[in-house]
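In what follows, every heavy atom counts, from backbone to side chain, and hydrogens, waters and symmetry copies are set aside. All residue numbers in this chain count up from 1 along the given sequence.
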Amino acid sequence: MSLLTDLVNLNLSDCTDKIIAEYIWIGGSGMDLRSKARTLSGPVSDPSKLPKWNYDGSSTGQAPGEDSEVILYPQAIFKDPFRRGNNILVMCDAYTPAGEPIPTNKRCNAAKIFSHPDVAAEEPWYGIEQEYTLLQKDVKWPIGWPLGGYPGPQGPYYCGVGVDKAYGRDIVDSHYKACLYAGINISGINGEVMPGQWEFQVGPAVGISAGDELWVARYILERITEIAGVVLSFDPKPIQGDWNGAGAHTNYSTKSMRSDGGYEVIKKAIEKLGLRHKEHIAAYGEGNERRLTGRHETADINTFLWGVANRGASIRVGRDTEKAGKGYFEDRRPASNMDPYVVTSMIAETTILWKP
C-alpha cells in the first residue's frame, strides 16, 4: 500500500515531461504570501516564457468583488524544493487587466528604480538579515517557552547550542538547505538573542533580485513551518518587555563604495539617509516603533545616528570597512516585516538618485 509520503515524493520525470509551476504573490496585507499551482508542458527557465495568470483579488483584499480579476506577471524562477525534479517556484507581481500595477505591487516601482541608468551603473549589492520568531500553534507563544511563562533571561540563546537554548533547529536547517536547493543566495543562519527567534541572511544579491530572493525565502519558510505545525511570525516585537525585537538589517554597497576612496562615498550616502530619516522609517515596517526604542541593540525611532561597530546606531559601519577605506554599511532600522522591494529600492534611490 502506498504511503502519502510516497505519493508526495513521486518523481514526475520518470513518466512525463510536464512540470508543476507554483505561482507566488503577495496578498493585500503586504505580508501575506499566496500561491497556486499549474501544469506546464515542459521545463522552463526564463520567466518571460511563462504564461501570465490571474486570481480572485476580492479574496485577498486586492480588488472589489464586481471586478475581482488580478493578473499575475511571472518575474523570477526558482527550483521547487518541495516537489523537486524540474518543478519550479515562480515569484510574480500583480496588475490590473489593463496592465497597471495594483497598489500593493511594490516590485514594479522598485524595478523602475533599479533599471535607472545611474543606479544600474552602481551595481547596488544587498545582504538582508531576516529575523523571525517561531510560535507554538495554538497559543501563539514562542516555541521552547513554558506556556504562559518565561524562560531564563537573554544571554545564553544567541547562537546557542543545547536543548535548553536552541528551539526549532530542525526547521531552521531544513529552510537553509531548501533555499540553497531553490537557488536562493542564502549566506547563513544563526540563533537570535531571544529564545525561539532565528535569523537567515540573503545576499549578496544585486538590485531587484534581493527582493525576489527574500520573498521566496520567506515563502519557503512559511511552507516548512506549515509542515512542522509551527506558526511563523515576522512581528518586530513579538514579546513585550526586556526581550529583543526582530529586524531585517539591510547591508548595502555600491560600486563606488566598494572601490578605492569608497569610505567618503559611504559617509555622503549616510548623510543623505539621515536627511530622509522620517521617510525611510515610515516605509520600514509596521509596528517598528515597538522595536526601535533605543534599547535592545537599536537606536530610538526618532533619532538618526551612525557609528563604526555600533549596534545601537541607525547605521552601522563595520571595522573592516573603516580599516580598508571602502566596503559597505548596515541599515539597522528596517523591521522584520518590511517589504524588501520597498527598502532596497528606497536606499538606492536616496543614496544614488536623490539630490538634497
inquiry  = Ignoring hydrogens, what is the shortest heavy-atom contact between Ile239 and Trp243? Give both atom names and the distance.
reply    = CG2-CD1, 3.5 Å

inquiry  = Ring of Tyr341, cation from Lys106 - is the NZ or CZ under 6.0 Å from the centre and inside 45° of the axis?
reply    = no

note = The reported gap from CD in Gln197 to OH in Tyr167 (rounded to nearest 0.5 angstrom) is 14.0 Å

query = Are the side chain of Lys18 and the backbone of Thr39 linked by a donor-acceptor contact shorter than 3.5 Å?
reply = no

Nearest atoms (heavy-atom pairs only) where Pro142 meets Met194 = CG-CE, 4.3 Å

message = When you group the ILVMFWY residues by side-chain heavy-atom contacts below 4.5 Å and let the links chain together, are Leu214 and Ile77 in the same group?
response = no

task = Check the side chains of Asn185 and Glu213 for a donor-acceptor pair under 3.5 angstrom, ignoring hydrogens and angles.
result = no

ask   = Under a 4.5 Å cut-off applied to non-hydrogen side-chain atoms, are Val343 and Tyr284 in contact?
value = yes

inquiry  = Just by distance, no angles: are the side chains of Arg258 and Ser253 close enough, under 3.5 Å, to form a donor-acceptor pair?
reply    = yes

inquiry  = Would a single hydrophobic cluster contain both Leu89 and Leu50, if residues Ile, Leu, Val, Met, Phe, Trp and Tyr are joined by side-chain heavy-atom contacts under 4.5 Å?
reply    = no

request  = Nearest 0.5 Å please: distance from the OG atom of Ser45 over to the NZ atom of Lys79.
outcome  = 12.5 Å

request  = Check for a donor-acceptor pair, side chain of Asn9 on one end and backbone N or O of Thr5 on the other, with a separation under 3.5 Å.
outcome  = yes

request  = Decide if atom OH of Tyr263 counts as having more than 12 heavy atoms of other residues, nucleotides or ligands within a radius under 6.0 Å.
outcome  = yes

key: Whether Glu222 side chain and Ala217 backbone form a donor-acceptor pair below 3.5 Å   = no

key: Residue pair Asp235 / Ser233, side-chain donor-acceptor N/O under 3.5 Å   = no

message = Do Arg290 and Pro236 have side chains that approach each other closer than 4.5 Å (heavy atoms only, starting at C-beta)?
response = yes

task = Could you tell me whether a side-chain N or O of His116 sits under 3.5 Å from a main-chain N or O of Ile352, the two making a donor and an acceptor?
result = no

Expected output: side-chain Ser58 to main-chain Pro64 donor-acceptor under 3.5 Å = no

request  = From the options Arg107, Met31, Gln62, Met91, select the one residue that forms a side chain to side chain contact (heavy atoms under 4.5 Å, CB included) with Ile26.
outcome  = Met91

inquiry  = Set out, in order, the CA-CA distance, both residues' side-chain angles and the distance that settles side chain to side chain contact (heavy atoms under 4.5 Å, CB included) for Val230 and Ile224, then state yes or no.
reply    = CA-CA 9 Å; Val230 169; Ile224 291 171; over 6 Å; no

ask   = Is the side chain of Thr350 donor-acceptor paired with the backbone N or O of Ile347 at a distance under 3.5 Å, no angle test?
value = no

task = Kindly indicate whether a cation-pi arrangement holds for Lys36 with Trp53, taking the cut-offs as under 6.0 Å to the six-membered ring centre and within 45° of the axis.
result = yes

query = For Ile208 and Ala110, which heavy atoms make the closest approach, and how far apart are they?
reply = CD1-CB, 3.7 Å

inquiry  = Are the side chains of Arg38 and Ile20 in contact, using a 4.5 Å heavy-atom criterion?
reply    = no

ask   = Without hydrogens or angle criteria, can the side chains of Arg333 and His277 be said to hold a donor-acceptor pair below 3.5 Å?
value = yes

ask   = Heavy-atom distance under 4.5 Å between the side chains of Phe78 and Val90, does that happen here?
value = no

query = Does NZ or CZ of Arg316 come closer than 6.0 Å to the centre of the six-membered ring of Trp306, within 45° of the ring's axis?
reply = no

note = Between Thr321 and Tyr328 the two heavy atoms that sit nearest each other are OG1-O, 3.2 Å

query = Are Ile128 and Phe234 linked, directly or through other ILVMFWY residues, by side chains that come within less than 4.5 angstrom of each other?
reply = yes

key: Residue pair Tyr252 / Phe329, side-chain heavy-atom distance below 4.5 Å   = yes

ask   = Looking at CH2 of Trp25 and CG of Leu72, how far apart are the two atoms once the value is rounded to the nearest 0.5 Å?
value = 5.5 Å

request  = Could you tell me whether Arg34 and Asp32 have a side-chain N and a carboxylate O separated by less than 4.0 Å?
outcome  = yes

ask   = Aromatic rings Tyr126 and Phe114: how do their planes relate, parallel, tilted or perpendicular, breaks at 30° and 60°?
value = perpendicular

task = Please tell me if the side chains of Val317 and Ile270 come closer than 4.5 Å, counting only heavy atoms from C-beta onward.
result = yes

Any side-chain donor near an acceptor of the partner, Glu192 and Tyr132, under 3.5 Å = no

key: Any side-chain heavy-atom pair of Asp80 and Arg83 under 4.5 Å   = yes

Donor-acceptor pair, side chain of Ser314 and main chain of Thr303, under 3.5 angstrom = yes

request  = State whether Glu271 and Lys268 are salt-bridged, where the test is any N-O pair (Lys NZ or Arg NE/NH1/NH2 against Asp/Glu carboxylate O) under 4.0 Å.
outcome  = no

remark   = Separation between CD (Glu100) and CD1 (Ile71), nearest 0.5 Å, reads 13.0 Å

inquiry  = Tell me whether Arg223 forms a cation-pi arrangement with Phe82, defined as NZ or CZ under 6.0 Å from the six-membered ring centre and within 45 degrees of its axis.
reply    = yes

Sidechain-backbone polar pair: Ser209 side chain, Ala205 backbone, donor-acceptor under 3.5 Å = no

inquiry  = Side chains of Ser336 and Glu131: any donor to acceptor distance under 3.5 Å?
reply    = no

inquiry  = Before you tell me yes or no, could you show the steps for Tyr23 and Ser35 under side-chain hydrogen bond (donor to acceptor under 3.5 Å, both in side chains), namely the whole-Å CA-CA distance, both residues' side-chain angles and the distance that decides it to 0.1 Å?
reply    = CA-CA 5 Å; Tyr23 280 44; Ser35 76; over 6 Å; no

task = Might you confirm whether atom CD of Glu286 has over 12 heavy atoms from other residues, nucleotides or ligands at distances under 6.0 Å?
result = no

key: Over all atoms of both residues, closest heavy-atom pair of Ala348 and Val119   = CB-CG1, 4.2 Å

request  = Before giving the answer on side chain to side chain contact (heavy atoms under 4.5 Å, CB included), spell out for Val161 and Arg169 the whole-Å C-alpha distance, their side-chain angles and the decisive distance to 0.1 Å.
outcome  = CA-CA 10 Å; Val161 179; Arg169 192 183 295 276; 4.1 Å; yes

request  = Compute whether any side-chain donor of one residue and acceptor of the other, for Glu22 and Asn87, lie under 3.5 angstrom apart.
outcome  = no

ask   = For Gly274, does its backbone N or O pair with a side-chain atom of His280 as donor and acceptor, under 3.5 Å?
value = no

query = Would Leu275 end up clustered with Ile281 when hydrophobic side chains under 4.5 Å apart are linked, directly or stepwise?
reply = no

ask   = Can you check side chain to side chain contact (heavy atoms under 4.5 Å, CB included) on Val308 and Arg319, steps first, answer last?
value = CA-CA 6 Å; Val308 176; Arg319 290 278 182 213; 3.4 Å; yes

inquiry  = Closer than 4.0 angstrom, basic N to acidic O: yes or no for Lys255 and Glu123?
reply    = yes

ask   = More than 12 non-hydrogen atoms from neighbouring residues, nucleotides or ligands closer than 6.0 Å to CG on Asp173, yes or no?
value = yes

ask   = Within 45 degrees of the axis of the six-membered ring of Tyr181 and under 6.0 Å from its centre: does Arg84 put its NZ or CZ there?
value = no

message = Under a 3.5 Å distance rule, please check whether Ser174 uses its side chain to pair with a backbone N or O of Asp170 as donor and acceptor.
response = yes

ask   = How about Ile24 and Trp215: do any of their side-chain heavy atoms sit closer than 4.5 Å?
value = no

request  = Please report the shortest heavy-atom distance between Trp141 and Gly148, naming the atom on each side.
outcome  = NE1-N, 3.9 Å

Candidate pair Lys326 and Asp260, rule side chain to side chain contact (heavy atoms under 4.5 Å, CB included), full reasoning = CA-CA 6 Å; Lys326 57 185 177 183; Asp260 290 343; 3.0 Å; yes

message = Nearest 0.5 angstrom please: Cys108 SG to Tyr73 OH, how far?
response = 9.0 Å

